[in-house]
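Read the structure below first, then the notes.
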Amino acid sequence: MEFGFMIILFSCVLVLLLSSCATVDTISTNQVFRDGDTIVSDDNMFEIGFFSPGKSMNRYLGIWYKKISTGTVVWVANRETPITDRSGMLKLSRQRDLQILGADNTVISS
């Protein structure tokens, strides 16, 4: 009985771990996408997320080539309004506008 319980428990933990490690390629309305999360394109060519260029402490939302090791950035959303810490979030509003949020959910860019 105890061995069977351990197998069931192990299976549940394994399923939870695998489902949380799955690559996401979409963002839903009002879903919050935090600094550290990335979304990978369906063809695994591009990735979007927050990054800091070089030795900068500023954080930007950008899209880069996933398969190129140097992380070549091809687009930056908040070039003029960087986030100064790791509090950045991305959200798709009900109106389907991408919003970059900073500390205290302040809209940085829309």
**Study point:** Results of side chain to side chain contact (heavy atoms under 4.5 Å, CB included) for T84 - residues two or more places apart only
**Key:** N58

Practice item. I would like to know whether L61 and L90 meet side chain to side chain contact (heavy atoms under 4.5 Å, CB included); could you show each step before the answer? Key: CA-CA 8 Å; L61 178 73; L90 176 67; 3.8 Å; yes

Revision key, fill the gap. Value for NZ (K91) from CG (D97), rounded to nearest 0.5 Å, stands at 11.0 Å

Practice item. Working to the nearest 0.5 Å, report the span between CD1 of I39 and CD1 of I63. Key: 9.5 Å

Mind checking what makes side chain to side chain donor-acceptor pair (under 3.5 Å) contact with [X], not counting sequence neighbours?
| X | result |
| --- | --- |
| R96 | T29 |
| E80 | none |
| D85 | S87 |
| S52 | R59 |

Just distance, no hydrogens or angles: give the donor-acceptor pairs under 3.5 Å from side chains in residues 100-107, sequence neighbours left out.
residue	atom	partner	partner atom	Å
T106	OG1	A103	O	3.0

Exercise for review: Please write out which residues are connected to Y60 in a hydrophobic cluster, directly or through intermediates, given that two of Ile, Leu, Val, Met, Phe, Trp, Tyr count as joined at side-chain heavy-atom separations below 4.5 angstrom.
Suggested key: F51, W64, V73, V76

Point to revise | Full working for side chain to side chain contact (heavy atoms under 4.5 Å, CB included) between I83 and I108 | key: CA-CA 8 Å; I83 301 170; I108 302 292; 4.3 Å; yes

Review point. For R34, which residues count as a salt bridge (charged side-chain N to carboxylate O under 4.0 Å, His left out) partner, sequence neighbours excluded?
Key: none

Point to revise | Qualifying residues under salt bridge (charged side-chain N to carboxylate O under 4.0 Å, His left out), relative to K66, sequence neighbours excluded | key: E47

Review point. Linking I/L/V/M/F/W/Y whenever any side-chain heavy atoms sit under 4.5 Å apart, do V74 and F50 land together?
Key: yes

Point to revise | Summary of ring-ring contact (aromatic ring centres under 6.0 Å, His included) pairs that have at least one residue in residues 65-110, sequence neighbours excluded | key: F46-Y65

